[in-house]
Amino acid sequence: MSIKLEHVNYIYSPGTAYEKKALSDICLEIPHGEFVGIIGHTGSGKSTLTQHLNGLIRATSGTVWYNGENIYGEGYDMKKLRGQVGLVFQYPEHQLFEVDVLTDVCFGPKNQGLSPKECEQRAAQALRLVGLKEKYWKSSPFELSGGQKRRAAIAGVLAMRPGVLVLDEPTAGLDPKGRDEILDQIAYLHRQSDMTVILVSHSMEDIAKYADRIIVMNKGQILYNDTPKQVFSHYQELEKIGLAAPQVTYIMHDIREAGFDVGVTATTVEEA
Ligand code: ADP
């Protein structure tokens, strides 16, 4: 499930007064099973980049490879790719629309043509993975709390059994407790499976906690793409562009790297 971007450029509304170059010469390789953090300010190109990963938008120039296949090649199965690279958008709860949570989570597998029984099995497994208690499965998605809605929306993507899970600011708008719970749950999911996880955030604190590798985006370009340790060594440069986290974040990361589980809360194993 490796992903490779080769010299990807993306321009919104080319040839109009609104023309905007959002990505410049992005070259990037994400091997299978990695936990990658993508960080950058609003407008740095993070969302545009992630939408290239499952073919939702097509590069103006350059190539995207998935498992060694050019996704822009003739006859490439984009529908299959969208099932393989699951994208959880910002405020994903806006996409919850079915009568109850279980039916909502069944939506993706149903679209993949699976039988109702298989869909329910997949949905139940996904809901357990995200830690949403069974008593909520027959509730309307609108009756859930903010954090529970996020979990339900993430389950909807997981039910398609993607090889790659891309989360665009999954904690936006949640309070600090809800934010930590969701991030811990994502880290737990990653540990439980061999799924590649790509977490987009504008917070170095969130990214530093979990990522094996950090990609720093700035003005549509990749500024750094390295291990957290290497990226943190550019503290002064990160500070200049307002992306440096407090020193304690980096120390916590080092403690984790040394094998100590510091901050994974009880909610990781308990259900919400
Ligand atoms: P980020 O996710 O880091 O906030 P985006 O990928 O959303 O960044 O945006 C990158 C740049 O592209 C920004 O300058 C943004 O204003 C511009 N942009 C994003 N979406 C559109 C769009 N639909 N039309 C025109 N410009 C856009």
Side-chain angles (χ1 to χ4, degrees), residues 3-30 34-64 66 71-72 78 81-82 85-95 150 153-154 157 162 164-174 179 182-183 186 196-211 213-226 228 231-232 234 237-245 249:
I3 298 176
K4 189 172 165 187
L5 272 67
E6 252 176 7
H7 302 291
V8 165
N9 290 282
Y10 188 76
I11 303 171
Y12 283 103
S13 314
T16 72
Y18 304 102
E19 180 168 311
K20 170 79 203 172
K21 184 151 200 188
L23 294 178
S24 286
D25 200 33
I26 301 293
C27 294
L28 169 66
E29 217 170 327
I30 300 174
E34 237 183 10
F35 194 130
V36 180
I38 302 182
I39 183 163
H41 280 302
T42 303
S44 58
K46 305 183 297 298
S47 292
T48 308
L49 174 61
T50 54
Q51 289 174 61
H52 279 78
L53 302 180
N54 73 347
L56 211 57
I57 55 179
R58 191 192 166 111
T60 308
S61 64
T63 316
V64 177
Y66 184 71
I71 71 164
Y72 303 140
M78 276 291 179
L81 179 71
R82 301 221 170 111
V85 182
L87 200 55
V88 180
F89 291 98
Q90 275 181 41
Y91 296 97
E93 56 271 30
H94 294 164
Q95 292 157 262
R150 290 287 155 94
I154 295 170
V157 173
V164 181
L165 178 67
V166 187
L167 301 129
D168 193 352
E169 303 267 6
T171 60
L174 296 181
R179 191 186 73 183
I182 289 285
L183 290 176
I186 292 164
T196 305
V197 174
I198 302 174
L199 173 68
V200 176
S201 176
H202 60 264
S203 157
M204 186 64 96
E205 276 176 275
D206 289 353
I207 295 274
K209 223 168 157 186
Y210 306 105
R213 194 148 59 90
I214 299 179
I215 295 167
V216 180
M217 295 288 297
N218 191 40
K219 297 179 181 161
Q221 291 178 311
I222 294 179
L223 187 61
Y224 303 115
N225 174 8
D226 217 326
V231 171
F232 301 160
H234 300 286
E237 287 85 349
L238 291 170
E239 202 163 41
K240 267 186 221 154
I241 56 167
L243 285 177
T249 303

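Both counts, for ligands and for their atoms, begin at 1 and track the order of listing. The first residue of the sequence shown is numbered 1, and numbering continues consecutively from there.
- Annotation for His234: atom NE2 counts as buried by contact number, over 12 foreign heavy atoms lying within 6.0 Å.
- Residues with a heavy atom under 4.0 Å from ligand 1: Tyr12, Lys20, Ala22, His41, Thr42, Gly43, Ser44, Gly45, Lys46, Ser47, Thr48.
- Distance alone, capped at 3.5 Å, places no donor-acceptor pair between the Lys20 side chain and the Tyr12 backbone.
- Separating the CE atom in Met217 from the CG atom in Asn225 is a distance of 10.5 Å, to the nearest 0.5 Å.
- A centroid separation of 6.0 Å or more is found between the aromatic rings of Tyr91 and Phe89.
- The number of heavy atoms from other shown groups lying within 6.0 Å of NZ (Lys21) is above 12.
- Aromatic ring pairs are classed by plane angle as parallel below 30°, tilted from 30° to 60° and perpendicular above 60°; the pair His52 and Tyr10 is perpendicular.
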